[in-house]
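Notes for the one structure printed next.
Below, chains carry the letters A, B, ... as their sequence lines are ordered, and counting in each starts from 1. Quick caveat: nothing in here was measured; it's all calculated off a predicted structure. Quick note: numbers below take in every heavy atom, side chains included, and nothing from hydrogens, waters or symmetry partners.
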Amino acid sequence: MTGMAVFRILLERLVLLVVASLVIFAAMNLLPGDPAAVMLGLDASPESLAALHQKLGLESSLPARYLHWISAFIRGDLGQSYIYDVPVRSLIGERLQSSLPLILLAMLLSLGAGIPLGVIAAAKRGTLLDTGLMGFLQLFKSIPDFWLAMMMTFLFSLTLHWLPSSGFPGWHAGALPALRALTLPAIALAIPQAAITARFMRSSLIETLSQDFIRTARAQGYSRRGVLWRIALPNALIPVLTLAGIQLPVLVTGTIIVESVFSLPGCGKLLLEAVNQRDIPVVQNLVMLIVASVMVLNVLMTIFVRWLDPRLEADPS
Amino acid sequence: MSPLLHVRNLSVQSPERPILHEVSFTLEPGQILAVTGESGSGKSTLALSLMGLLPPGFQAHGSIRLEETELSTLSQQDWCRLRGKRLGMVFQEPMTALNPTRRIGTQIGDTFRLHTTLSPREIDTETRTLMEQVGLSEAGVNERAYPHQLSGGQRQRVLLAMALACQPELLIADEFTTALDARTQAVMMALVTRRCETQGMAVLMISHDLGLVRHYADHVLVMKDGTCVEQGPTPSVFDAPHHPYTQALLAMSLHGAARTPLTPLSVFTAPS
Amino acid sequence: MKTVSILLTVLAVGFPASHVPGTAQAAETRDTLSIGLAIEPPGLDPTRGSSEAIGMVTYGNIYEGLMRLDEQGTLKPLLAQDWHISPDSLTYDFTLHDGVRFHDGTPLTCDSVKFSLLRAGAADSTNPHRAIFSQIADISCPDSLHVRIRLQHPYGSFLYQLAWNDAAILSPASAAQNISHPVGTGPFVFSEWRRGDHLTLTRNPDYWGARPTLRSVTFRFMPDPLSASNALLAGELDAYPSFPSREILSRFAGNTQLQVIRGSFPFKAILALNNARRPFSDFRVRQAIAQAIDRKALIQAVADGDGTLLQSHMAPDDPDYVALPDRYPYDPDHARALLKEAGVASGTHLTLTFPPIGYARDSSELIAAYLEQVGLNVTLQPVEWPTWLGQVYGQGQFDMTVIAHTEPHDITIYDRTPVYFHYHSPVFHGLVEQYEATADMTRRHQLSVQMQEQLAQDEPNVFLFAIPRETVMNRHLKGLWTNQPIAGCPVAGVSWAP
Amino acid sequence: MIERPNRTLRAGSILLGIVLLPATVITLLDGGHAPPIDVLHRYAPPSLLHPLGTDPFGRDLMVHVLTGAFNSVTIAAIAVCLATIVGTALGLIAAVRPARAIMGLTDLGLAFPPVLIAALLVTALGASATGEILAIALFGLPAQIRITRQAARSILIQDYIAASRLAGRGPVYIMRRHVLPNILPLLTVQATSSLALAILSDAGLSYLGLGAPPPRPDLGRALASYQIHIFDHPLLVAIPGVTIMLLVLGFNMFGDGLRDALDAAHEEHTP
């Protein structure tokens with residue numbers, strides 16, 4: 001990949017980030033509802049409200065507020081939460097302790113289960129196993145994630161008492177309790193994704209197996225199994241990984257829902273609460289961070305896939 | 001001399017219809033047998049059944065013997081040991097027959113990895129030697145190149161190198177020069193015939209290019225609708241064809257019709 | 001004053017002076033506590049925000065005021081050991097306890113009180129009751145343990161107001177950081193807060209009063225009743241005050257470890273009507289709406305039949321509460337007739353706005369169904385808290401809304417201008433003026449009853465219901481508040497029975 | 001277009017029929033209102049009068065859930081229509097012009113977590129079906145644009161397009177006469193699959209309280225309010241969940257079947 005191409009991609013993303021920041025800012029600041037009213041509650045007097053408005057800087061003009069925010073963001077200063085009155089940076093940092101492992105775990109589970117299942121179905125294409133597996137996956141693809149989460153809680157924690165139903169003890173409580181708390185949410189998050197991955201993996205692998213170079217490899221002496229795992233799979237994985245990159249925001253969305261169901265103190269729950277309470281600094285900066293990291297990950301994924309598939313290098317589109 | 005390959009009454013059935021019917025022939029070491037006939041006559045199916053690579057649902061009957069080994073009853077495992085080592089095959093589509101995501105050196109080296117106990121370093125050396133032999137090094141092609149960076153002729157050389165790596169006793173070449181220009185074709189054929197002469201490699205060459213067949217093949221087998229209509233030493237078949245189909249084929253060839261113009265594939269062979 | 005001695009006696013009972021030394025037996029009993037709460041406080045400074053959740057963690061635990069309320073809602077002294085009110089009800093003299101220290105090490109003096117109360121009433125104050133504290137004319141310090149407060153006008157509720165969360169006495173040195181690092185004079189010290197999950201307080205070793213038996217207490221924030229009930233059953237939680245869902249309480253029935261205790265809190269659910277808007281400005285319409293709703297059925301559906309029908313703006317557990325007759329019983333036919341009389345056409349569109357909380361959502365859905373039966377076309381409009389507080393409460397832009405007022409003794413809000421439901425009654429205003437100028441308890445009670453009657457008659461809002469407070473807790477736990485006279489969960493007096 | 005409905009297509013239709021037929025009938029009879037409240041008969045067990053029992057307000061659960069299903073499908077369908085129309089138009093433009101802005105916005109749309117769009121929209125517009133529909137349509141839009149653009153491009157490189165262009169046909173004519181009819185089957189399949197996704201989105205948003213407001217029954221909202229009854233009245237949680245699943249499964253299978261059938265038809269016509 002040439003330096004010019006990388007530069008162009010980065011520049012494009014930068015422009016997009018600026019647009020994203022404008023959208024986020026406009027949305028948060030044009031919404032009805034007054035953050036000061038939330039902070040002061042039912043008995044707030046108009047004077048108290050005005051005083052708080054002054055303190056929060058809500059009196060200055062919109063462009064001034066935007067510039068103030070974005071310049072601070074670039075410096076890495078995420079501001080102060082209205083509601084908690086602590087630095088947004090530490091708030092997000094704290095929440096990432098459960099959100100990041102959750103997303104990673106869900107990603108691992110969905111790829112770790114989806115890819116082998118897809119490979120098995122493709123290897124046994126047309127058999128009863130394949131049909132059954134695909135039907136099963138279709139079913140799991142169709143279950144609302146929050147309902148699945150509810151049902152799993154009901155079964156595994158409320159009835160069987162295997163895993164905790166909610167909350168997160170934190171990593172300082174030890175790796176095992178923390179992982180146990182993340183297990184059900186990660187599974188709930190991963191299952192629909194795994195189903196999508198498996199179905200995609202299957203069709204990608206079947207497509208790859210029908211290519212001429214598979215026959216070449218067989219003529220070279222590769223066994224059926226060897227050609228599946230060593231030749232076809234790496235090639236078939238490329239579109240699957242691309243899909244995983246595209247699905248990332250969906251996973252983030254799922255995190256918001258799943259964290260609500262399992263009352264996990266994560267970024268998703270923080271975001272939803274912050275939107276509801278008009279904690280503007282938290283929402284603005286958190287969304288900006290999410291959008292930016294999704295974009296960065298997408299760029300990395302693009303570069304990674306291009307590295308995996310040398311053909312794309314020749315074709316910039 | 002005992003035959004290397006002995007095919008007797010080979011019939012192949014696809015799920016829909018019969019494709020090969022009672023084909024029998026023998027092939028001796030160092031000899032080149034050309035299989036010719038129009039498209040759909042079953043030439044490629046014949047090649048694939050010799051490699052044990054018939055598509056799923058295809059059924060073969062009859063006997064294929066490679067020296068003492070009866071191939072038709074071979075286990076999958078034994079087939080894998082045979083393919084690439086004793087049997088080599090080159091396919092006709094140079095554009096798609098190579099794995100686009102692996103370096104050509106790796107793909108050539110795979111044959112060694114699958115059938116020999118050479119060390120990685122030795123494999124590298126062998127691969128480079130092989131690439132020199134097929135003329136890739138001469139064209140400035142590095143083993144770290146990817147297939148899409150190569151011209152069609154270069155890719156065909158890679159495929160040939162992969163097939164020849166373990167010095168197979170039988171090379172099956174399915175129209176492997178069809179997409180190439182005349183000069184490259186000659187170079188490739190020279191490579192193959194040298195192997196026949198020095199190592200006694202037998203070649204089953206599928207081609208509808210009668211000029212090519214006449215020039216290189218020791219024996220010719222003419223196929224039509226899945227049956228062998230005529231076979232024999234090249235001179236006798238070409239000089240005195242028995243079967244009307246063979247006669248017709250030859251007549252067309254003389255008018256130059258059988259020598260197909262460059263296929264549309266050649267569009268892609270410009271070096272990238 | 002007579003009350004002083006009574007209060008001092010109760011003080012002795014409420015805070016037993018017996019400093020039980022850490023005997024071997026005491027060491028065996030548990031000294032930690034884990035309490036579940038539905039709402040996480042936004043911060044830990046009650047003088048900056050009025051969220052009930054702040055008080056649940058801090059009241060009587062971290063912060064203390066001059067006065068306090070006990071579990072029954074009775075006013076008691078706390079940091080003030082004695083006081084005197086001048087005959088003109090304008091000057092209050094307090095004597096502070098000696099030897100009280102803030103968690104930051106600074107001693108409690110008159111200056112701390114002066115700082116705290118003047119700060120609360122300052123122009124830039126964000127105290128929820130700034131208006132009340134701004135009535136303080138001045139505060140002087142005769143010496144470090146005596147405080148003299150002068151008011152601009154007589155204000156009968158002043159002493160009571162000093163017991164509230166937002167009248168906490170703070171250390172001038174640390175007041176600015178209280179929102180995340182609270183410092184008070186209370187029996188517990190802030191230890192750790194993992195936002196979104198839990199908050200831990202530990203025993204204050206230098207506490208001026210009786211030493212608490214608990215070494216540490218953890219508040220876990222669990223809004224979901226299902227997971228809360230699960231944590232209780234698993235023993236992960238020892239208590240859950242004000243359990244949010246009545247429907248799940250059956251899970252605890254027959255449990256050997258847990259008990260459900262019913263208590264009270266000043267919960268007054270109302271259907272607030274915008275009296276400044278047509279058609280609600282017409283008394284007949286307000287009466288019609290009241291009669292169109294089967295409030296008994298509402299209690300059935302929303303509170304499982306377990307609530308009290310309200311006739312005015314006061315909860316049954318309030319000392320001033322009087323049971324009033326149901327002036328506007330369910331009568332849809334009469335409601336239709338009244339609407340017709342008032343000229344409200346059938347099919348008139350009204351909007352019912354409600355905040356995101358269970359009772360409001362359920363009540364609103366039911367009320368909409370009832371109003372539809374008398375020919376009103378109701379659009380339900382769910383809003384988030386910021387929108388509710390901003391549009392409905394702040395700007396009074398709404399038709400109808402369902403809300404519960406949970407502050408004690410807040411009947412005087414009907415005299416406040418502006419107030420979101422826009423009730424204006426000269427009669428009521430007169431009553432409130434008299435009430436605030438009176439310090440005599442009997443007279444105040446009479447006036448309070450008159451205010452309740454006036455509201456019941458004018459029906460500015462439809463008074464719906466009060467519901468009891470259910471606390472789920474371990475059977476061996478002693479001393480936990482099961483009533484909630486004010487937002488708080490003081491745990492200084494809580495202990496584990498051996 | 002489809003000569004032989006395959007097994008997947010048939011199974012999908014049956015699943016959809018099981019839910020949608022009675023849902024439509026009941027909605028037509030009732031006008032889509034929530035069933036009447038009857039506080040005296042709360043949590044009634046299944047009976048002849050109430051085949052699935054009643055909910056915490058004494059409403060008939062079956063009627064409530066079926067009406068909710070109808071509402072969910074309606075909202076999903078409107079959102080998908082919106083996304084398809086706008087997305088196809090933008091995709092076609094992006095196929096013939098560089099249209100960096102369109103593709104940039106598409107990338108942006110893909111980077112935004114959908115729930116966030118919904119939360120912002122719903123708060124800005126007030127809780128309404130409109131806000132929810134817009135949100136669902138918005139997060140279906142990027143995929144629609146990309147698919148349309150890709151499909152249109154594969155048509156535009158064909159020789160007959162060049163011929164048509166040489167014959168002096170304008171881009172609008174080419175789009176209408178050549179491109180649209182050719183990508184229509186693909187768009188139909190895409191719309192069906194989007195419907196499944198839209199129903200899931202609707203359920204999730206309503207569950208979080210970001211959907212259309214009551215009193216119109218809604219499956220996600222019903223689940224949110226019934227979920228605490230998972231122990232004492234499990235039917236209340238099971239029925240709405242299974243209904244959502246049947247609908248999503250139905251549309252997914254219908255879409256898959258449709259794709260297979262179209263592929264088969266396509267293969268038959270171009271041997």
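- Applying the 6.0 Å contact sphere to CG of Leu11(A) captures more than 12 heavy atoms from other residues, nucleotides or ligands.
- Only the backbone of Leu87(B) comes within contact range of chain A, judged by heavy atoms closer than 4.5 Å.
- Around atom CD of Glu122(B), more than 12 heavy atoms belonging to other residues, nucleotides or ligands sit under 6.0 Å away.
- In terms of heavy-atom pairs under 4.5 Å with chain B, the best-connected choice from Gln211(A), Arg218(A), Gln220(A), Arg230(A) is Gln220(A).
- If you measure heavy-atom distances from Ile108(B) to chain A, the contacts under 4.5 Å come from the backbone alone.
- In the displayed structure, Gln77(B) atom CD is contacted under 6.0 Å by at most 12 heavy atoms of other residues, nucleotides or ligands.
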With a 3.5 Å cut-off and sequence neighbours excluded, list the donor-acceptor pairs that the side chains of residues 232-242 of chain A form with protein atoms.
{"unit_1": "Asn235(A)", "atom_1": "OD1", "unit_2": "Thr101(B)", "atom_2": "OG1", "d": "2.7"}
{"unit_1": "Asn235(A)", "atom_1": "ND2", "unit_2": "Asn99(B)", "atom_2": "OD1", "d": "2.9"}
{"unit_1": "Thr242(A)", "atom_1": "OG1", "unit_2": "Ile238(A)", "atom_2": "O", "d": "2.9"}

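- For the pair Tyr222(A) and Cys80(B), the tightest heavy-atom approach, listed with the atom from each and the gap, is O-SG, 3.9 Å.
- Interface remark: Ile231(A) contributes backbone and side-chain atoms alike to the contact with chain B (heavy atom separation under 4.5 Å).
- Taken to the nearest 0.5 Å, the CZ atom of Arg83(B) stands 9.0 Å off from the OG atom of Ser223(A).
- A donor-acceptor distance shorter than 3.5 angstrom exists from the side chain of Thr216(A) to the backbone of Ala97(B), with no hydrogens or angles considered.
- For Leu82(B), no part lies under 4.5 angstrom from a heavy atom of chain A.
- Of the two parts of Arg102(B), only the side chain, counted from C-beta on, holds a non-hydrogen atom closer than 4.5 Å to a non-hydrogen atom of chain A.
- The choice from Ala165(B), Gly88(B), Pro56(B), Pro100(B) that makes the most heavy-atom pairs within less than 4.5 Å of chain A is Pro100(B).
- Only the backbone of Leu98(B) comes within contact range of chain A, with heavy atoms under 4.5 Å apart.
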